Amino acid sequence: MSHLPFSTLLQQVASLARKAGDAILLVYGEDFEVQRKVDQSPVTAADLAAQRVITAGLVQLEGGLPVISEEARAAAWSERRDWTRYWLVDPLDGTREFIKRNGEFTVNIALIEHHEPVLGVVLAPVTGELYAAARGQGAWLQSRVDAPWQRIATRDFAQPATVAGSRSHGAAGAALLDQLIGEGYQSMPLGSSLKFCLVARGDADVYLRRGATSEWDTAAAQSVLEEAGGAVLDLAGEPLRYNRGDSLINPEFIAVGDSAIDWKGRLLAADLEA
């Protein structure tokens, strides 16, 4: 794999994501069984294979920091409340898209420090696109294995806007979007954390999420988007933060490319019940 133009740690995490992606693709190319977890969300052998690869790899990095992952039992809040640095992982984000075989799923690995994502890697195994970012080091895209790294950046907001939306969870929030960005926007449905990446690379302007997501769904891509010049804000206009309490569920949020706009003011002025 072509070397990243920054820290050794990010190089290591990017390489680990590639290995997890390879494990996923071995399952993707075969017939596989779909099981249901307690919350009725789907899980496959690919989720679990990627989990094993990532867990084994992270243990060897950064002095064995603790890990929170979708596919492992999370430590109790009584233990987590004292964590200042840990890994936050979704081994296969977009399992529904994996099952549909549309390629719109990702591997997400983030490093959290004091409730903020300071390093993030997002891999799309099918296309080979790998997004990587670390605090103060910019956001980068490698289009395939051994391709050169290219720096990515968000774009200035202009109407009509382009909105990244969920492939599997519908278009909830259309009325709120009309208030925030105006009518007549173009929608681009996409699965998994790739919606954040679409904004980060300047191909979309916003991604609004109404409804529940988990912290591992957003952290890695938030790091990429922030380093590309954007922001991820809850609907009170505050940056999305992690390990805030017993629940690992995010508040509703909006991911934006042009962080120079007063999104907080727009959110506070909007009718959030719309």
Side-chain angles (χ1 to χ4, degrees), residues 17-18 20-25 27-29 32 34-37 39-51 54 69-71 88-110 120-132 141 143-144 152 162-174 177 185-225 228 230 232 240 249-250 252-257:
R18 289 278 187 205
D22 290 342
I24 288 169
L25 291 178
V27 179
Y28 193 61
F32 53 83
V34 179
Q35 299 179 336
R36 295 285 168 177
K37 294 184 281 189
D39 64 359
Q40 293 304 303
S41 62
V43 63
T44 71
D47 298 76
L48 303 179
Q51 167 73 14
I54 294 169
S69 172
E70 179 176 15
E71 304 307 336
L88 183 55
V89 175
D90 192 342
L92 200 170
D93 179 32
T95 302
R96 290 179 177 84
E97 314 309 328
F98 178 88
I99 294 167
K100 295 174 186 176
R101 297 184 189 272
N102 66 14
E104 296 176 2
F105 53 88
T106 57
V107 175
N108 298 338
I109 306 174
V121 169
V122 177
L123 169 71
V126 170
T127 65
E129 291 180 338
L130 178 58
Y131 298 84
L141 168 63
S143 60
R144 64 185 186 282
I152 58 173
T162 298
V163 175
S166 175
R167 177 77 72 186
S168 293
H169 296 279
L177 279 170
Y185 54 82
Q186 177 185 2
S187 296
M188 296 183 66
L190 198 62
S192 71
S193 58
L194 291 172
K195 296 179 284 293
F196 294 87
C197 298
L198 203 66
V199 179
R201 72 187 191 207
D203 289 337
D205 298 290
V206 301
Y207 161 44
L208 173 66
R209 178 56 191 247
R210 307 302 303 263
T213 58
S214 296
E215 293 188 358
W216 46 71
D217 293 322
T218 58
Q222 179 175 346
S223 177
V224 172
L225 179 53
V232 184
L240 208 59
I249 301 300
N250 290 319
E252 296 179 325
F253 63 84
I254 187 169
V256 300

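For the numbers below, each heavy atom of this structure counts, side chains included, while hydrogens, waters and symmetry mates do not. Model, not experiment: these values are computed from the prediction.
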S.K.: List in chain and number order the residues that pass side-chain hydrogen bond (donor to acceptor under 3.5 Å, both in side chains) with Q51, two or more places apart in sequence or in another chain; answer none if no residue qualifies.
M.R.: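 For Q51 the side-chain hydrogen bond (donor to acceptor under 3.5 Å, both in side chains) partners, ignoring immediate neighbours, are T55, S69.
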S.K.: Partners of T162 by side chain to side chain contact (heavy atoms under 4.5 Å, CB included), sequence neighbours excluded?
M.R.: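 By the side chain to side chain contact (heavy atoms under 4.5 Å, CB included) rule, T162 matches R155, Q186, M188, A204, D205.
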S.K.: Using 0.5 Å steps for rounding, measure from the CZ atom of R144 to the CG atom of L130.
M.R.: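 Those atoms lie 13.0 Å apart.
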S.K.: Any side-chain to backbone donor/acceptor pair from Y28 onto R101? Under 3.5 Å, distance only.
M.R.: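 Indeed, once roles are kept as given, a pair shorter than 3.5 Å links the two residues.
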S.K.: Taking all non-hydrogen atoms of both residues into account, name the closest pair between S193 and V122 and its distance.
M.R.: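 Residues S193 and V122, closest heavy atoms: OG-CG1, 3.4 Å.
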S.K.: Could you pull out the closest heavy-atom pair between S223 and G120, with the gap in Å?
M.R.: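 It is OG-N, 3.2 Å.
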S.K.: Quick one: list whatever passes side chain to side chain contact (heavy atoms under 4.5 Å, CB included) with S192, sequence neighbours left out.
M.R.: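 Residues passing side chain to side chain contact (heavy atoms under 4.5 Å, CB included) with S192: D93, T106, L194.
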S.K.: Side-chain contact test, heavy atoms from C-beta onward, threshold under 4.5 Å: evaluate it for V199 versus V206 and give yes or no.
M.R.: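 No, side chains not in contact.
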S.K.: Work out which heavy atom in L123 is nearest to a heavy atom in A17; give both atom names and the distance.
M.R.: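 L123 and A17 have their closest heavy atoms at CD2-O, 3.0 Å.
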S.K.: Look only at the side chain of S214 and the backbone of W216, and say whether a donor-acceptor pair between them is shorter than 3.5 Å.
M.R.: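 Answer holds: no.
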S.K.: Are any non-hydrogen side-chain atoms of Q35 and P42 less than 4.5 angstrom apart?
M.R.: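 The answer is no; the side chains never approach within 4.5 Å.
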S.K.: Parallel under 30°, tilted from 30 to 60°, perpendicular over 60°: which one fits the rings of F196 and Y207?
M.R.: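 Perpendicular.
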S.K.: Provide the closest heavy-atom pair for A164 versus L198 in the form atom of the first, atom of the second, distance.
M.R.: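 Shortest heavy-atom separation between A164 and L198 comes out as CB-CD2, 4.0 Å.
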S.K.: Less than 4.5 Å apart, any side-chain heavy atom of S41 and any of T95?
M.R.: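 With C-beta onward as the side chain, the pair stays apart.
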S.K.: Determine whether D217 and N108 satisfy the following criterion, side-chain contact (heavy atoms from CB on, under 4.5 Å), listing intermediate values before the conclusion.
M.R.: CA-CA 7 Å; D217 293 322; N108 298 338; 5.7 Å; no
S.K.: Can you check whether G173's main-chain N or O pairs, donor with acceptor, with R209's side chain at less than 3.5 Å?
M.R.: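 No; zero donor-acceptor contacts below 3.5 Å.
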S.K.: Supply the atom-to-atom distance L177 CG to Y185 OH, rounded to the nearest 0.5 angstrom.
M.R.: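 Taking CG in L177 and OH in Y185, the distance rounds to 4.5 Å.
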S.K.: To the nearest 0.5 Å, what is the distance between CG (D90) and CD (E71)?
M.R.: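 One finds 7.0 Å between CG of D90 and CD of E71.
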S.K.: Between E97 (side chain only) and E104 (backbone N and O only), is there a donor and an acceptor less than 3.5 Å apart?
M.R.: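 Such a contact is absent between E97 side chain and E104 backbone.
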S.K.: Without swapping roles, check the side chain of Q222 against the backbone of L240 for a donor-acceptor pair under 3.5 Å.
M.R.: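 Answer holds: yes.
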S.K.: Hey, does I152 have a side-chain heavy atom less than 4.5 Å from the side chain of V224?
M.R.: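 Counting from C-beta outward, V224 and I152 do come under 4.5 Å.
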S.K.: Of all heavy-atom pairs between V121 and A220, which one has the smallest distance, and what is that distance?
M.R.: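 That would be O-CB, 3.5 Å.
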S.K.: Between CZ of R201 and CD of E129, what distance do you get to the nearest 0.5 Å?
M.R.: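 Reported to 0.5 Å precision, the distance equals 5.5 Å.
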S.K.: I need the minimum non-hydrogen distance between F105 and G94, along with the two atoms involved.
M.R.: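 Shortest heavy-atom contact: CB-O, 3.5 Å.
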S.K.: Working note: L208 + V163, criterion side-chain contact (heavy atoms from CB on, under 4.5 Å); need CA distance, chi angles, decisive distance, verdict.
M.R.: CA-CA 8 Å; L208 173 66; V163 175; 5.7 Å; no
S.K.: Checking side-chain contact (heavy atoms from CB on, under 4.5 Å) for the pair T218/V232: CA distance, chi angles, key distance, verdict?
M.R.: CA-CA 9 Å; T218 58; V232 184; 5.8 Å; no
S.K.: If I take atom CG from residue D47 and atom CD1 from residue I24, how far apart are they, to the nearest 0.5 angstrom?
M.R.: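 It comes to 7.5 Å.
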S.K.: Please round to the nearest 0.5 Å and tell me the distance separating atom CG of L92 and atom CZ of F98.
M.R.: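 Rounded to the nearest 0.5 Å, the CG-CZ separation comes out at 6.0 Å.
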